[in-house]
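Read through the structure below, which is laid out as C-alpha cells, and then see the notes.
Here the structure is a predicted model, which is why all the values come from computation and not from measurement. Positions are given from 1 along the sequence.
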Amino acid sequence: MKYRNPKNAKTVAAFWEKPLNKPDWYEVKASADSPTEIFLYDVIGWPYNDARELVARMSELRGQDVLLRINSPGGDVFDGLAIFAEAAENPNLTIRIESLAASMASGIAMASKNKVQMYSSAMMMIHEPWMCLGGNQHDFREAADFLDQVNENLIGLYAGKTKKGKKELRELMKAETWMNAEKAKAEGASVK
C-alpha cells in the first residue's frame, strides 16, 4: 500500500492545519548535571518530518539517563513505532507525559522499561488507527485490511505494558478512550 504520497500528505496537512515542512518537531537538550531531555511536543512523523533523525539521536544516548517529555497529539504509526523501538532499547529512559499523549504518542509512552510518569493534569488517549486516503474502492478495501493489521500490532504494544487483555484493549481502542493519570493507572498502565 502506498499511502505516503503527495495527495495523502496534503490531506493529512489539512487535517492537522499545519504546513508540510515542519523541521522543528522535537528538541534535545543535554546537561552535564541532569538527564538529557528530549521534548516531543508536536505531530509525530510523516508527512511533516522523518523519524530517522530523532531515532539516530536517541541511539547515541543509549545507556545514558534520558527524560523523554511528551506533549503530542500523535501522528504516523510507523514513525512512532520506530521511535518506540529505539526508546525501548535504553534501560535508563524515563518517559514523562506532561500534557497530552494521544494516539501514537501514547504508544511511544509505553516504551520505557524504567518508568513512565504522568502529571495528574495530563491526558492519554488510545484509539484504533486511521488514515487519510484518496483512491478507488480497491484502495479502500486494501486500506481497511491494512488498518486491521496495524490495530492488532498496537493492541500487542499496549498489552505488553498494561494488565489488560487483548480483548479488553480492543474495546478500549474502539471506543477512543481518554484517561487522566488516575484512570490510566486504574486501567493497568504502569504510570506513576
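- A salt bridge does not link D79 to R52: none of the charged nitrogens lies less than 4.0 Å from a carboxylate oxygen.
- The two residues M118 and N180 come nearest to each other via the heavy atoms CE-C, 3.7 Å.
- Using a 4.0 Å cut-off between a side-chain N of Lys or Arg and a carboxylate O of Asp or Glu, R69 and E37 qualify as a salt bridge.
- Side-chain N/O atoms of E27 and Y41 include no donor and acceptor closer than 3.5 Å.
- We find that E152 and R170 are joined by a salt bridge, their nearest charged nitrogen and carboxylate oxygen being less than 4.0 Å apart.
- Note on L93: it clusters hydrophobically with V55, by side-chain heavy-atom contacts below 4.5 Å among ILVMFWY residues.
- Summarising the geometry of A88 relative to K113, their closest heavy-atom pair is O-NZ, 3.0 Å, with the distance given to 0.1 Å.
- A 6.0 Å sphere centred on CZ of R62 holds more than 12 heavy atoms belonging to other residues, nucleotides or ligands.
- Interatomic distance, NZ of K183 versus CE of M123, reported as 8.0 Å (0.5 Å rounding).
- Salt bridge absent: E182 and K185 never bring a charged side-chain N and a carboxylate O closer than 4.0 Å.
- With I70 as reference, I108 is the one residue of L100, I108, V116 to meet the side-chain contact (heavy atoms from CB on, under 4.5 Å) rule.
- Looking at E128 and W130, their side chains never bring a donor and an acceptor atom within 3.5 Å of each other.
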